[in-house]
Amino acid sequence: MDMLLTVNDLAYSYHSLSGETQVLDGISFSIQQGEFVAIVGPSGCGKSTLLSLICRLLTPDSGEILLEEGKKVGYMLQKDHLLDWRTTEKNVALGMEINHQLTEQTYLQIDYMLNNYGLVGFRKARPDELSGGMRQRAALIRTLLLEPDLLLLDEPFSALDYQTRLSVSDDIWKILQKENKTALLITHDISEAISMADRILVFSRRPAAIKKEIPVILTCPNGRTPFHARSAPEFKEYFNLVWKELNDDE
Amino acid sequence: MNRSQKEFLAQYRRRRRIVNVWRCLLLLLFVGAWEGSTMTGLLDPFIFSSPSRILSSFISMLKDRSILYHMGITLSETFISFFLVILIGILLAIVLWWNSTLAKILEPYLVVLNSLPKTALAPVFIVWLGNNMKTILVAAVSVAVFGTTITLYSSFQSMDEDKIKLIRTLGGSKKDILWKLILPGNIPAIISVMKVNIGLTLVGVIIGEFLAAKAGLGYLIVYGSQVFKLDFVLLSIVILCFISTALYLLISLLEKICTRHYQ
Ligand SMILES: Nc1ncnc2c1ncn2[C@@H]1O[C@H](COP(=O)(O)OP(=O)(O)O)[C@@H](O)[C@H]1O
Ligand SMILES: [Mg+2]
């Protein structure tokens, strides 16, 4: 099987004057093209560090991260980090601006995206005029415009209130499905992980290792979306399974 | 609008009127007392001048345009040193932000230079640079530039780490972080530094003119006190009041325009 991403025996430590913090220890997994993988684990165990390593913002101490030739990685942070002084349009264009890709053509593309994802009326609006869900969608468009093959999502919904979170995760899942993206989602919300992912990796406490790998197979007669997934008969079983893994301290 | 809201508004207006009336009264009282006591001989107008004498010397100096000349000199020195301070301050802050080792090395020097009373340096500048405008500008710049650099550098440093991470995940370099994030994100900080500096550079210019000038309001003050023309001295001080207020309002206006979109 051709893997989009393969992580082999990865280890990483932070260093400071007060000592060394070993964060990741022997992490190995891989992701196929088109798959949606979720990672759950205790807070502070090293999940964000793993994403920074995959994104090449950090260099591993040992082990390797193999990305399929010519594929690109996109990263979506916990908060939207839209810049106050830019309009929605300019915020969304930030990535392309940095990569010197802005042309007439790309403005059409930006227009198309804003239109598709319900932001076209807010093209000239400032971030503080957008709702939480709109801001998160704008952040997603900013990432998607760079056409990443693998999308890293670092608790992208945790700053939203529960109601918004359900609808935005549904929205974003559909967008990713439509664009046929591969995604690696970090979350501390077990239901969110089960409802969105094809496979869940449960991380142990720091230094993080993969404790358990759980493929998620749900029966959804009306087609699988995060929303429908929540009412699948197997949902509760998966929930208990993940819960047990997370709280089992051996 | 219901009654209690109306009452609230009426009370608010009443209060504002009282404040305004008393502000004007206080000024009138002060000017009147000054004029009255010099007229009745309670104060010696030769030493204390008087509002009417100030006004008449203003008019006569307006006629021969000499007051405009002095004001122009002081204002242009202030503007030049103000822009130099802002420019040098921003550039130095960028250099320090770019190279954190250099920042660490220079830190104690900046702190010392910032806390040193710069008036102490003015005589040295005269010896080094001569009795001319260069000395005045250098004196004015030295008063404000170190504080500006320190303030801006620490403001640059306090940029949200996650926003920096965002630029890097989008493929940005350090240069992109500077241009897309640090500089635009610090426009409010730069303007608030300007607000402080417009007053500081005026102080620096006046100090400079006390020591090394042939024109300007600071020169006029020193000259007036030496030849016992107190009308000149007080006229200059009154004009300085107006100038510093006007400059402050100018920056406040700039602030309103530029920081609309910042939280
Ligand atoms: N820059 C850093 N320097 C030192 N320690 C860090 C740094 N960043 C994170 N850590 C530590 O590494 C651990 C893992 O952090 P992180 O990957 O952010 O965890 P998670 O995303 O799983 O909550 C935490 O205990 C955190 O305190
Ligand atoms: Mg994290």
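Residue numbering restarts at 1 for every chain, and letters A, B, ... go by the order of the sequence lines.
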Side chain to side chain contact (heavy atoms under 4.5 Å, CB included) between B:I167 and A:L94, worked out:
CA-CA 9 Å; B:I167 303 282; A:L94 182 64; 4.0 Å; yes
Go through it in stages, so that I can follow the logic: the residues are B:K165 and A:Y75, the test is side chain to side chain contact (heavy atoms under 4.5 Å, CB included), and I'd like the CA-CA distance, side-chain angles, deciding distance and then a yes or no.
CA-CA 10 Å; B:K165 187 170 172 183; A:Y75 197 139; 3.2 Å; yes
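Using a 4.5 Å cut-off between non-hydrogen atoms, the part of residues 100-126 of chain A that approaches chain B consists of A:R126. At a heavy-atom separation below 4.5 angstrom, chain A is approached by B:D176, B:K180, B:L181, B:P184, B:G185 within residues 174-185 of chain B. Residues of residues 165-182 of chain A having a heavy atom under 4.5 Å from any heavy atom of chain B: none.
Annotation: side chain to side chain donor-acceptor pair (under 3.5 Å) contacts of A:K90 (sequence neighbours excluded): none.
When heavy atoms are compared at a cutoff of 4.5 Å, A:L51 does not approach chain B at all. Residue A:R56 does not touch chain B at all, counting heavy-atom pairs closer than 4.5 Å. With a 4.5 angstrom heavy-atom cutoff, A:L57 touches chain B via backbone and side-chain atoms both.
Going from atom CG of A:D128 over to atom OH of B:Y262 covers 12.5 Å, rounded to the nearest 0.5 Å. From A:L77, atom CG reaches atom NZ of B:K163 across 10.5 Å, with rounding to the nearest 0.5 Å.
Open room surrounds CZ on B:F8; 12 or fewer heavy atoms of other groups in view lie less than 6.0 Å from it. Under a cut-off of 6.0 angstrom, the local environment of CD in A:E20 is crowded, with over 12 non-hydrogen atoms contributed by other residues, nucleotides or ligands.
Between chain B and the options A:M96, A:E97, A:M76, A:Q78, the largest number of non-hydrogen pairs under 4.5 Å is found for A:E97. In terms of heavy-atom pairs under 4.5 angstrom with chain A, the leader among B:I187, B:D160, B:L170 is B:L170.
Between B:L166 and A:H81, the closest heavy-atom pair is CD2-O, 3.6 Å.
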